[in-house]
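Sequence positions, counted from 1, serve as the residue numbers for this chain.
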Amino acid sequence: MRCFRKRSAIPILGFLIFCLLFMNLYIEDEYVVDEDKRLKEGSTQQQFNSDQYVHTIRDFSNFSSSINVTYRILAGIPVSRKRFLTIGLSSVKRKKGNYLLETIKSVFEQSSYEELKEIAVVVHLAEFDLSWCESIVQDISRKFSHHIIAGRLAIIHTPVQFYPVLEGLKRNYNDPDARVKFRSKQNVDYAYLLNFCANLSDYYLMLEDDVRCSKNFLTAIKKVINSRKGSNWVTLEFSKLGYIGKLYHTYDLPRLAHFLLMFYQEMPCDWLLIHFRSLLAQKEAIRFKPSLFQHMGYYSSYKGAENKLKDDDFEEDSFDIPDNPPSVLSTNMNVFENYDVHKAYSSTEEYFWAKTPSSGDFYHIVFEKPIKISKNKSLHRNRRSPK
């Protein structure tokens, strides 16, 4: 978990991002390394070796294509059938503490048997110390062997040969060299994880490796997704901290992976993600309460610094999130600015605002399918109507 420090993003970078994404810019950058024999197949756990690979990234303008990178599958195998949700975790060796196993345990223990059928967990060991990786693989394999055998858990590693230059990078925001290297590598770590998970499920959820989950979080997420049918979104947020609890459509993952790689040395990943969703026309964050994930680590992965950040909106039991079944919404009232009717039918911090409502005005909710309503929760806020 990286401690978040607020700084304003430089306007020049925002302009550069806009130009690169929406102009016909071709960037050719080639990394070529000799390729040895491909890794042995059919084993649930593969040993580290000195194989080398070919990595060629030619056309960054084609953001929908996957990145040509060869992964080492350390445990498990890619899922045989497409799941509803893939949960991605990226982890590195910490100077103090290690919360990865507790995070994996929380994901599985807080999911019902039926929910487990719909999820896949991919752990990216993004550490260049191969002995540490091998030790972690053994620990995970011993503790979660049944999930590995069931195809719910896979562990991957990206060889160091595939990483771009991590030394002598730009010191934006006057960050020290060590922090620049740390956050730049973290962007690449996430990019390769996103790239691997692009075709495993319909949706992708990013967690950090020091997180506790709420009970039946998948059911809560499915409720939210169903309530957003018919609306366009890029990112749904189920925690207000860092890169925790961020949900994407998997068809956006290749573009996001390319985006993180292109600007890996510019700024931290959570800032880049804001630019990414803004460029895809989601201007505001869509965050849901209660939060479904809580940061539990005490020491940061950056130099082992203390990190006591907590999400005060987190609740262990998330069943109170409303279903909000798909509906057609309408009103005859004059809407103030962009506070439209859909914002009242949401579990985010949004609301509908009408100008000078009067007797006889209406707000209609027409369900697309007949349903049995068991509970209705409405919040009303009185404001002086704008002139």
Side-chain angles (χ1 to χ4, degrees), residues 21-22 63-64 82-87 118 194 197-198 201-206 216-240 243-256 259 270 272-293 313 318-355 362-371 373 375-381:
L21 286 177
F22 295 98
F63 275 17
S64 296
K82 200 168 187 179
R83 307 293 174 93
F84 180 82
L85 180 70
T86 298
I87 300 170
E118 300 188 78
L194 294 166
C197 296
S201 58
D202 297 319
Y203 298 95
Y204 174 84
L205 178 73
M206 179 63 79
N216 301 109
F217 64 88
L218 176 62
T219 297
I221 289 174
K222 292 181 76 171
K223 286 182 180 180
V224 169
I225 291 174
N226 288 333
S227 73
R228 305 292 299 191
K229 280 185 178 178
S231 66
N232 295 319
W233 57 269
V234 179
T235 311
L236 301 181
E237 302 184 11
F238 295 93
S239 171
K240 66 180 181 182
Y243 203 178
I244 298 174
K246 305 304 184 281
L247 185 77
Y248 302 91
H249 298 93
T250 50
Y251 57 68
D252 280 332
L253 296 188
R255 285 189 288 185
L256 180 53
F259 188 81
D270 34 0
L272 285 174
L273 296 175
I274 296 173
H275 286 289
F276 180 77
R277 66 162 168 76
S278 296
L279 289 166
L280 293 182
Q282 182 187 318
K283 301 302 181 184
E284 302 294 333
I286 304 174
R287 190 169 77 83
F288 295 87
K289 292 183 179 181
S291 296
L292 302 181
F293 307 97
D313 294 323
S318 59
F319 269 117
D320 196 40
I321 292 181
D323 294 55
N324 286 11
S327 306
V328 177
L329 310 175
S330 62
T331 184
N332 65 341
M333 292 177 276
N334 293 322
V335 178
F336 176 59
E337 294 185 353
N338 64 335
Y339 298 92
D340 59 53
V341 292
H342 294 87
K343 293 190 174 182
Y345 194 66
S346 169
S347 55
T348 62
E349 291 185 316
E350 300 177 312
Y351 52 88
F352 165 62
W353 191 352
K355 296 181 181 179
F362 64 82
Y363 180 99
H364 285 170
I365 302 174
V366 181
F367 299 117
E368 293 181 359
K369 296 180 180 179
I371 62 168
I373 299 176
K375 184 179 180 181
N376 177 40
K377 183 178 180 181
S378 301
L379 297 176
H380 301 275
R381 181 182 299 177

Give the intermediate values and the outcome of side-chain contact (heavy atoms from CB on, under 4.5 Å) for residues V234 and I286. CA-CA 9 Å; V234 179; I286 304 174; over 6 Å; no
Taking it one step at a time, do I225 and I221 satisfy side-chain contact (heavy atoms from CB on, under 4.5 Å)? CA-CA 6 Å; I225 291 174; I221 289 174; 3.8 Å; yes
Residue pair T86 / S201: nearest heavy atoms and the distance that separates them: OG1-OG, 2.7 Å
Given side chains that start at C-beta, do those of L280 and F259 come closer than 4.5 Å, heavy atoms only? no
With sequence neighbours excluded, what pairs up with H364 under the side-chain contact (heavy atoms from CB on, under 4.5 Å) test? S330, F362
Between K246 and E237 (side chain of the first, backbone of the second, donor and acceptor by atom type, cut-off under 3.5 Å), is there such a pair? no
For the residue pair F288 and R228, what are the closest heavy atoms and their distance? CZ-CD, 4.1 Å
Mind telling me whether W233 and Y203 have parallel, tilted or perpendicular rings, with 30° and 60° as the class edges? parallel
To the nearest 0.5 Å, atom OG1 of T250 lies from atom CG of L85 at 10.0 Å
Test side-chain contact (heavy atoms from CB on, under 4.5 Å) applied to E118 - qualifying residues, sequence neighbours left out: F84, L218, K222
Rounded to the nearest 0.5 Å, the CG atom of L236 sits from the NE2 atom of H249 at a distance of 7.5 Å
Nearest 0.5 Å, what's the CG-CG distance between L273 and L256? 6.0 Å
Could you check L194, L247, D252 and say which one makes a side chain to side chain contact (heavy atoms under 4.5 Å, CB included) with Y204? L194
Work out which heavy atom in Q282 is nearest to a heavy atom in E284; give both atom names and the distance. NE2-O, 3.0 Å
Distance-minimising heavy-atom pair for S291 and S239: OG-CA, 3.8 Å
Can you measure from CG (L292) to CZ (F238) and round to the nearest 0.5 angstrom? 6.0 Å
